[in-house]
Amino acid sequence: MPATHEVFNQPPELTGYDVAEDSAMLDALRREGAGWAEDAIRKLGRLAGSAEAREWGRQANEHGPVLRTHDRFGNRIDEVEFHPAWHELMTVAVGHGLHAAPWRDERPGAHVARAAGFYVWGAADAGHCCPISMTYAIVPALRHAADLAGRFEPLLAAQEYDFGLRPPGTKRGLLAGMSMTEKQGGSDVRANTTRAVPASAAGHYLLTGHKWFTSAPMGDLFMVLAQAPGGLSCFLLPRVLPDGTRNGMRLQRLKDKLGNRSNASAEVEYDEAVAWLVGEEGRGVRTIIEMVNMTRLDCVLGTATGMRAGVTLAAHHAAHRTAFDRKLADQPLMANVLADLAIESEATTMAAFRLAGATDRAARGDGQEAAFRRLALAATKYWACKRAPAHAAEALECLGGNGYVEESGMPRLYREAPLQSIWEGSGNVAALDALRALTRQPEVAEAFFAELGQAAGADSRLDRAIARLRKELSDPAEERARHLAEAMALVLQGALLVRHGHPAVADAFTASRLGDDTAGFPGWGHAFGTLPSRIDTAAIVGRATPEIAT
Ligand SMILES: Cc1cc2nc3c(=O)[nH]c(=O)nc-3n(C[C@H](O)[C@H](O)[C@H](O)COP(=O)(O)OP(=O)(O)OC[C@H]3O[C@@H](n4cnc5c(N)ncnc54)[C@H](O)[C@@H]3O)c2cc1C
């Protein structure tokens with residue numbers, strides 16, 4: 001067939017670039033004590049930006065998991081089948097220790113290095129990061145049962161992806177999940193009705209009940225909440241029992257989800273399923289919250305990944321597409337939009353890595369960092385995740401109609417964007433948690449303000465914002481929780497940028513998010529692309545524009 005027309009004014013495919021070529025992330029990696037991991041992160045970044053990994057991400061989402069409840073003879077098997085691309089993604093993630101590996105790594109900064117890997121590799125596909133995150137998160141909770149931790153932690157931390165339902169003790173590596181949410185309540189887990197009956201003499205419990213959401217059901221071990229005689233308690237439940245028989249865990253169906261389509265999320269019925277108590281009876285929430293607190297960090301990291309991917313795609317498109325005789329990136333209003341998206345992304349990345357650093361130091365016994373993390377994580381989880389859908393929508397629009405088309409990659413980012421805010425404490429719950437930490441634990445507020453204090457004097461807008469925040473926090477009414485969590489998160493992001501960020505990014509952030517104009521219209525509007533005029537947009541957008549091999 002002869003060509004009928006020439007294709008022009010379309011950007012080159014964005015593949016073959018280094019996802020880790022990201023100054024905000026690399027500076028944070030070094031600052032938070034994991035500079036030693038830079039070469040490995042770069043290598044992973046190049047893989048994440050390769051055509052091969054992009055294709056795995058696409059295939060794993062287009063050919064989502066399929067539930068097989070029975071074999072051909074009618075026996076229940078409760079298995080989930082995945083496309084080979086899913087297994088490729090999981091093999092890389094586990095092989096690079098993005099799951100529980102840092103818990104067995106003595107090097108200071110191990111959790112930061114893992115955070116960087118998670119952030120970079122998540123660009124290939126968000127869905128498979130769910131079981132990776134839950135495996136990372138289970139360890140602190142599991143340590144409430146020393147014998148179980150002794151048995152399973154080495155296998156959870158092992159860097160081998162060993163798919164398939166076999167007794168956990170016989171596998172080369174294990175994956176974990178979390179099973180809390182029931183039909184009648186996800187936020188209010190105390191409303192759980194799943195029953196846990198002690199099995200006489202055997203030392204375990206039998207769990208019966210339903211769970212409305214349990215993701216990654218092909219995992220090996222699940223942390224489950226159930227009502228024991230002593231109250232709501234936390235249990236470790238294996239998919240396959242040590243003798244090789246399947247545990248009483250029936251997968252009823254998989255959710256047909258908005259996004260996150262590569263990952264399986266199941267409805268589960270437990271039918272006298274064998275489980276081991278973790279922590280004390282009646283202290284289930286206190287125990288499992290340690291797992292939730294780790295996955296919350298990954299919600300922030302995953303959000304930062306999505307924002308970076310969105311602004312990178314948008315900046316790449318605008319650098320190559322011409323309209324009205326000028327590159328889109330050179331049009332002042334588009335430069336404003338891109339810069340606004342870029343500073344949101346950098347601010348989220350910096351907060352995520354500060355929290356990863358706090359996680360690392362807290363895990364090594366630093367009480368001040370644990371106190372800072374308690375409040376900063378709740379507020380940042382609320383605000384960063386809340387910003388994600390608007391950010392994804394605006395990044396998508398930078399590509400015009402092309403952005404609305406599946407193969408641009410933007411629709412996948414857009415569908416994924418609301419999820420991190422729902423997970424692990426939906427918006428209101430996260431904001432209320434920040435308020436609870438603020439009002440009930442004085443040492444937490446002190447640690448938070450000590451962090452902000454380190455930036456004092458460097459930028460008068462930030463100084464005024466810190467003073468305003470102190471005043472605002474004197475009225476911690478429940479209905480103000482979102483307002484206060486947002487303010488805390490913004491001031492923290494501003495403080496980090498003023499101390500460590502690129503000057504143009506810090507200036508744009510404080511001028512917009514922390515501006516305190518009282519006359520006329522505020523300096524910053526509600527949509528992206530409303531930065532004040534004098535901002536150095538070229539310097540900011542340049543940091544988000546990927547270099548590709550031509
Ligand atoms: C794709 C996906 C995968 C999931 N995977 C898992 C999993 O693996 N394991 C698991 O256990 N769960 C999982 N979940 C469930 C998820 O954690 C819950 O959906 C979430 O915690 C919210 O619970 P809910 O859906 O019952 O909503 P509800 O608790 O009914 O909340 C509804 C709304 O009310 C708000 N709200 C609740 N309490 C208050 C309050 N006191 N004041 C003001 N507002 C309030 C919430 O913020 C929310 O906006 C998954 C969910 C999704 C979408």
Side-chain angles (χ1 to χ4, degrees), residues 61 64-65 80 125-138 141 175-194 207 209-226 232 234-237 239 249 251-270 284-285 287-289 291-296 298-299 302 378 381-383 385-386 388-389 412 415-436 476-485:
N61 281 278
V80 183
D125 166 64
H128 81 290
C129 294
C130 170
I132 295 300
S133 177
M134 291 194 291
T135 305
Y136 174 57
I138 200 171
L175 292 169
M178 160 162 41
S179 197
M180 299 189 293
T181 308
E182 298 189 357
K183 293 188 186 75
Q184 71 283 354
S187 309
D188 185 7
V189 289
R190 288 179 198 279
N192 273 196
T193 60
T194 298
L207 270 51
H210 65 257
K211 295 287 173 182
W212 191 228
F213 278 98
T214 297
S215 289
M218 284 299 283
D220 302 290
L221 299 167
F222 292 84
M223 207 58 109
V224 186
L225 281 182
L232 192 65
C234 193
F235 297 90
L236 187 73
L237 185 147
R239 267 302 303 269
M249 178 178 177
L251 309 187
Q252 302 299 83
R253 55 176 172 161
L254 299 186
K255 300 288 193 187
D256 183 8
K257 297 176 287 184
L258 169 67
N260 198 254
R261 297 187 76 88
S262 60
N263 181 32
S265 299
E267 288 170 25
V268 172
E269 286 285 348
Y270 293 112
V285 175
T287 308
I288 210 160
I289 205 73
M291 183 168 184
V292 172
N293 260 323
M294 298 311 298
T295 45
R296 279 184 181 173
D298 286 356
C299 290
K381 156 73 168 77
Y382 166 71
W383 179 240
C385 299
K386 199 48 72 191
R412 220 168 95 205
R415 288 194 299 267
E416 195 71 27
L419 182 54
Q420 309 280 8
S421 187
I422 293 171
W423 266 342
E424 315 304 348
S426 306
N428 287 351
V429 173
L432 288 169
D433 189 47
L435 208 59
R436 199 174 307 118
E478 195 170 318
E479 66 274 18
R480 298 183 77 234
R482 279 186 178 227
H483 177 67
L484 298 179

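Quick caveat: nothing in here was measured; it's all calculated off a predicted structure. In what follows, residues are counted from 1 in the order of the sequence shown. Atoms within a ligand are numbered from 1 in the order they appear, just like the ligands themselves.
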| How far is atom 1 (C) of ligand 1 from its nearest protein heavy atom, and which residue and atom is that? | Lys257 CD, 3.5 Å

| task | Taking the six-membered ring of Phe213 (Phe, Tyr or Trp), confirm whether the NZ or CZ of Lys255 is under 6.0 Å from its centre and within 45° of its axis. | result | yes

| query | Which residue supplies the protein heavy atom nearest to atom 31 (O) of ligand 1, what is that atom called, and how far is it? | reply | Ser187 OG, 3.6 Å

| said: With a 4.0 Å cut-off on N to O distance, would you call Glu424 and Lys381 a salt bridge? | reply: no

| said: Heavy-atom distances under 4.0 Å decide this one: backbone, side chain, both or neither, for Thr214 against ligand 1? | reply: backbone

| Are the side chain of Asp433 and the backbone N or O of Ala378 linked by a donor-acceptor pair below 3.5 Å? | no

| task | Answer with side chain, backbone, both or neither: which part of Leu432 has a heavy atom less than 4.0 angstrom from an atom of ligand 1? | result | side chain

| request: For atom 25 (O) of ligand 1, find the nearest protein heavy atom and state the residue, atom name and distance (0.1 Å precision). | output: Thr181 CG2, 4.7 Å

| Backbone of Glu416 reached by a side-chain donor or acceptor of Asn260 within 3.5 Å | no

| Among side-chain atoms of Ser421 and Tyr382, is any donor-acceptor pair under 3.5 angstrom? | no

| field | Nearest protein heavy atom with distance in Å, relative to atom 6 (C) of ligand 1 | value | Phe213 CB, 3.7 Å

| field | Sub-3.5 Å N/O-N/O distance, Ser215 and ligand 1 | value | yes

| task | Considering heavy atoms of the protein only, find what lies nearest to atom 4 (C) of ligand 1 and give residue, atom and distance to 0.1 Å. | result | Trp423 NE1, 3.1 Å

| request: Show your working on side-chain contact (heavy atoms from CB on, under 4.5 Å) between Asn61 and Asp125 and close with a plain yes or no. | output: CA-CA 8 Å; Asn61 281 278; Asp125 166 64; 2.8 Å; yes

| field | Smallest separation among heavy atoms of Ala216 and Phe222, with atom names | value | O-CZ, 3.6 Å

| said: Going by a strict under-4.0 Å cutoff (protein heavy atoms only), does atom 42 (N) of ligand 1 have a neighbour on the protein? | reply: yes

| said: Looking at ligand 1, would Gly177 count as a contact under a 4.0 Å heavy-atom criterion? | reply: no

| query | Between Met180 and ligand 1, is there a nitrogen or oxygen pair with a distance under 3.5 Å? | reply | yes

| said: Tell me the contacting part of Ser426 for ligand 1: side chain, backbone, both, or neither, using a 4.0 Å heavy-atom threshold, strictly below. | reply: both

| query | What about Met134: any of its N or O atoms under 3.5 Å from an N or O on ligand 1? | reply | no

| remark: The option among Gly186, Gly425, Ala430 carrying the non-hydrogen atom nearest to atom 24 (P) of ligand 1 is Gly186

| query | Any luck finding a side-chain donor-acceptor pair between Ser265 and Lys257 under 3.5 Å? | reply | yes

| field | Heavy atom of the protein closest to atom 9 (N) of ligand 1 (residue, atom name, distance) | value | Met178 O, 2.8 Å

| When you measure from atom 36 (N) of ligand 1 to every protein heavy atom, which one gives the shortest distance, and what is it? | Val429 CG2, 4.2 Å

| request: Look at atom 35 (C) of ligand 1 and say which protein heavy atom is nearest, naming residue and atom and giving the distance to 0.1 Å. | output: Asn428 ND2, 4.1 Å

| note | Any heavy atom of Lys211 under 4.0 Å from ligand 1? The part involved is neither

